[in-house]
Protein chains: 2
Amino acid sequence: MSKIKKTTIQDVAKYANVSSGTIDRVIHNRGKVSPAKKKKIEEAIKHLNFNPNLLARTLALGKQFMICSLLPESVISQNYWSLPRRGIMQSAEKYKDFGIVLEAYEYSLFDEESFVKQAQIIIDKNPDGVILAPLFEKESISFTQALEEKNIPYIFIDANIPDQNNLSYIGPELKNSGYIAGKLLNSILNMNDDILIVNMVKGIENSSHVWVIEDGFREFFDSNNYTNDRKINSLTIHTTDETEVTRELTKYYIKNPGVKGVFVTNSKAHLISEFHRAHELDGKVIGFDLIEENIASLKNGSIDFLISQNPVFQGGQAVQMLFDYFVYKKTPTEIQYVPLDIIIKENVDFYLNSQ
Amino acid sequence: MSKIKKTTIQDVAKYANVSSGTIDRVIHNRGKVSPAKKKKIEEAIKHLNFNPNLLARTLALGKQFMICSLLPESVISQNYWSLPRRGIMQSAEKYKDFGIVLEAYEYSLFDEESFVKQAQIIIDKNPDGVILAPLFEKESISFTQALEEKNIPYIFIDANIPDQNNLSYIGPELKNSGYIAGKLLNSILNMNDDILIVNMVKGIENSSHVWVIEDGFREFFDSNNYTNDRKINSLTIHTTDETEVTRELTKYYIKNPGVKGVFVTNSKAHLISEFHRAHELDGKVIGFDLIEENIASLKNGSIDFLISQNPVFQGGQAVQMLFDYFVYKKTPTEIQYVPLDIIIKENVDFYLNSQ
DNA sequence: TTTAAACTTGTGTGCGTACACATTTTTTAA
DNA sequence: TTAAAAAATGTGTACGCACACAAGTTTAAA
């Protein structure tokens with residue numbers, strides 16, 4: 001194996017007839033360097049194709065970068081929010097020797113107060129960067145304003161608030177995800193099968209993203225004229241509690257026995273599929289996210305499609321972006337949409353293994 | 001930002017009342033250490049939760065790891081094999097400061113001789129690890145035998161040869177990919193639409209994987225009794241040259257005008273979809289891989305589904321695995337199936353951006 | 001011409017680990 | 001009991017870079 005010697009600062013110094021300190025000054029343009037030497041050094045760097053060794057740099061720097069994440073809590077170990085959290089933690093672990101230190105905070109989706117409280121704790125911590133799932137819009141904006149005052153960069157994941165000064169948004173293109181759901185559901189229905197859209201939202205204020213998804217879904221049917229022979233209704237349920245959901249569904253199904261396809265706009269599709277199984281209904285179901293209950297339903301055939309927005313990947317990307325921003329001063333793309341994975345019974349296992 | 005001091009070898013040394021050299025001996029079990037001290041040191045490591053700093057270790061080690069890859073050539077910049085190559089190169093670039101050096105070799109799919117020749121060059125290079133797409137089975141086995149004699153680990157990607165001593169196989173589960181194709185194609189066909197399977201293989205010997213895919217495809221229809229009202233024929237074409245393919249297709253379509261769905265078992269689905277467009281046929285098409293021509297056809301609607309086996313990811317994983325093997329002595333899982341991404345017009349862009 | 005100020009450049013140490021070599025301690029054989 | 005051999009342990013330097021500080025050089029004011 002032939003040794004390929006990488007060029008170091010010393011090589012550059014020798015080539016340019018200066019000491020390593022002067023090279024350092026040029027690289028970080030710190031301190032004064034005479035124009036003649038500066039030019040020569042720059043030429044030397046280019047000529048020798050010098051790239052600072054990231055390991056040595058990080059080691060010498062000895063700096064730590066604290067990242068705080070603020071996501072909804074995952075009481076049950078396997079709910080949706082455990083997934084981006086896993087991605088964040090895996091990625092932070094990978095970069096720990098590079099000085100990345102992660103502190104993960106959680107808020108309750110039922111309690112704006114908890115968000116505000118945790119946000120304040122983060123602000124007091126004075127981190128180097130923040131990863132935020134901004135599901136409470138108003139409170140999130142207050143939070144990010146405070147961060148901006150302290151010059152702390154922040155990244156939104158999973159949900160976006162437009163026109164903020166976030167470093168980046170990493171997450172799904174919501175409208176499109178609805179459109180894809182429409183296309184997929186349509187492909188396994190007959191022309192005149194009725195469709196039900198189920199939205200589960202706690203409060204009206206912080207649920208705008210649900211309407212965007214529904215919009216996309218309906219757009220598929222409208223733009224392809226698949227609406228003539230069928231009804232497409234939507235049902236909004238203000239809870240995710242199983243018994244209450246069941247009650248609402250029962251009410252609806254009795255009045256609308258023609259429903260053959262159901263689209264659930266959040267990760268709770270399994271509630272509908274379990275309802276179907278319990279009542280021996282054969283409706284097709286499509287929903288979001290690879291959480292445990294959904295996976296089980298997908299495998300037993302009571303859910304037909306899941307769309308996954310790569311939550312583990314989202315979390316990992318966010319950490320990676322902040323790392324690149326800290327170390328390389330690389331400003332990330334403002335919006336990074338994640339792939340919308342189409343999951344069926346036959347390929348679900350491959351996704352579980354690789355995340 | 002509170003500084004979180006990581007425990008170092010010196011901390012462990014102090015705690016266990018020995019010098020750092022002895023710690024080193026325990027960690028790498030090199031040299032002799034008295035049982036008493038050894039026990040104490042191990043306790044200290046656990047107690048202080050010591051993890052060697054990867055950066056410092058790599059820097060001090062100063063070792064280089066040469067990885068040679070051997071894949072089919074990509075004459076056109078955008079054919080399929082450029083994708084795993086990109087993954088390999090990106091990943092190698094990422095790890096270059098860790099001593100990873102990549103040399104990429106290519107062979108012609110039309111020429112076993114070129115494979116043998118390149119393989120010999122790699123053997124003479126005496127690399128630390130090899131990434132191989134073993135499309136020529138016989139020649140690949142000779143190659144890997146030579147590698148084994150020199151104790152060089154190797155990884156198969158994209159295609160597998162069973163019962164070899166490869167460190168790992170990273171690639172698709174072929175039979176399943178055919179099954180998924182069947183399911184998807186069926187979802188957009190009517191019960192009595194005829195189906196055509198197109199295999200393009202150069203020689204009989206090295207094309208067994210194509211039959212596995214076809215098997216999986218047919219299994220979907222057999223196991224679901226979707227075969228009664230339709231014909232499912234397969235057409236084998238011994239070239240990928242466009243004019244010849246067109247001629248074969250023309251011959252077939254004239255004799256079999258009922259074809260409404262086409263499954264292409266390699267990355268050349270665009271040849272069929274272009275044929276359809278040219279002759280104003282409205283058959284549905286499903287194929288493999290996000291290469292440029294397929295993407296174009298998908299977007300203009302002449303291909304309906306593509307299944308992507310994440311070639312960029314495959315390449316990246318292979319490098320990552322070898323790195324982990326070199327540095328952490330981590331033996332990878334023997335088989336790592338990659339996700340089979342289902343790509344439609346509406347989500348293709350998200351996949352292009354993130355790979 | 002002298003001298004301080006301003007500017008420019010060089011030197012040395014530390015980051016955490018690996019490893020060769022030096023030193024100390026223990027064991028063994030005479 | 002002692003010397004030599006063997007075993008156990010300690011020390012110092014290198015890896016490539018950043019940064020504080022020292023040293024050297026030029027400029028400007030007196």
Side-chain angles (χ1 to χ4, degrees), chain A residues 3-42 44-45 48-65 95-100 326-329, chain B residues 3-42 44-45 48-65 95-100 326-329:
Chain A
K3 271 260 186 292
I4 293 147
K5 183 70 175 53
K6 285 221 57 189
T7 81
T8 71
I9 274 199
Q10 298 302 337
D11 299 331
V12 181
K14 203 171 292 171
Y15 181 94
N17 267 321
V18 292
S19 75
S20 66
T22 309
I23 309 290
D24 184 68
R25 275 171 209 108
V26 171
I27 292 174
H28 301 95
N29 47 3
R30 129 174 65 244
K32 293 276 169 199
V33 178
S34 71
K37 296 214 168 167
K38 178 165 181 178
K39 203 178 150 199
K40 191 159 184 187
I41 289 172
E42 277 165 349
I45 288 176
L48 299 174
N49 186 29
F50 169 71
N51 285 99
N53 182 311
L54 181 61
L55 305 194
R57 158 174 293 183
T58 308
L59 197 60
L61 214 37
K63 213 184 265 177
Q64 302 221 301
F65 303 102
Y95 287 118
K96 73 171 192 303
D97 285 337
F98 290 90
I100 295 289
F326 296 148
V327 175
Y328 296 112
K329 279 125 187 54
Chain B
K3 272 262 184 293
I4 293 146
K5 181 73 175 53
K6 286 221 56 190
T7 81
T8 72
I9 273 198
Q10 299 302 337
D11 299 331
V12 181
K14 202 172 296 172
Y15 182 93
N17 268 319
V18 293
S19 76
S20 65
T22 308
I23 310 290
D24 184 70
R25 274 170 209 108
V26 171
I27 292 174
H28 301 95
N29 49 359
R30 125 174 71 243
K32 292 276 167 199
V33 178
S34 72
K37 295 213 167 168
K38 178 163 181 181
K39 202 179 151 200
K40 189 160 186 188
I41 290 172
E42 277 164 348
I45 288 176
L48 298 175
N49 186 28
F50 168 71
N51 287 99
N53 182 310
L54 180 60
L55 273 51
R57 158 175 292 184
T58 309
L59 195 61
L61 212 39
K63 215 184 265 178
Q64 301 223 301
F65 302 102
Y95 287 119
K96 73 172 191 304
D97 285 338
F98 290 91
I100 295 290
F326 295 149
V327 175
Y328 296 111
K329 281 130 187 54

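All chains are named by letter (A, B, ...) in the order of the sequence lines, taking the proteins before the strands, and each is independently numbered beginning at 1.
At a threshold of 4.0 angstrom between heavy atoms, the contacts of B:Lys6 with the nucleic acid are absent. Looking at heavy-atom distances under 4.0 Å, A:Asp24 makes contact with a base. Across all strands shown, A:Arg25 has heavy atoms under 4.0 Å from base atoms, whether or not it also approaches the sugar-phosphate.
Contact annotation: A:Lys37 side-chain N/O to C:dT8 OP1/OP2 distance is not under 4.0 Å. Regarding contacts with the backbone of C:dG10, a side-chain N or O of A:Thr22 is found under 4.0 angstrom from either OP1 or OP2. Checking the phosphate oxygens (OP1, OP2) of C:dG16, no side-chain nitrogen or oxygen of B:Arg57 falls inside 4.0 Å. Checking the phosphate oxygens (OP1, OP2) of C:dT9, a side-chain nitrogen or oxygen of A:Ser34 falls inside 4.0 Å.
The 5' end of DNA chain D is approached more closely, in terms of each residue's nearest nucleotide, by B:Val33 than by the other of A:Thr8 and B:Val33.
As rounded to whole Å, 20 Å separates atom C1' of C:dT23 from atom NZ of B:Lys32. With rounding to whole Å, A:Phe98 atom CZ is found 14 Å from D:dC17 atom P.
Side-chain atoms of A:Ser19 lie closest to C:dG10 of the nucleotides C:dG10, D:dC17, C:dG16.
When all heavy atoms of A:Thr8 and A:Phe50 are compared, the pair lying nearest together is C-CE1, 3.6 Å.
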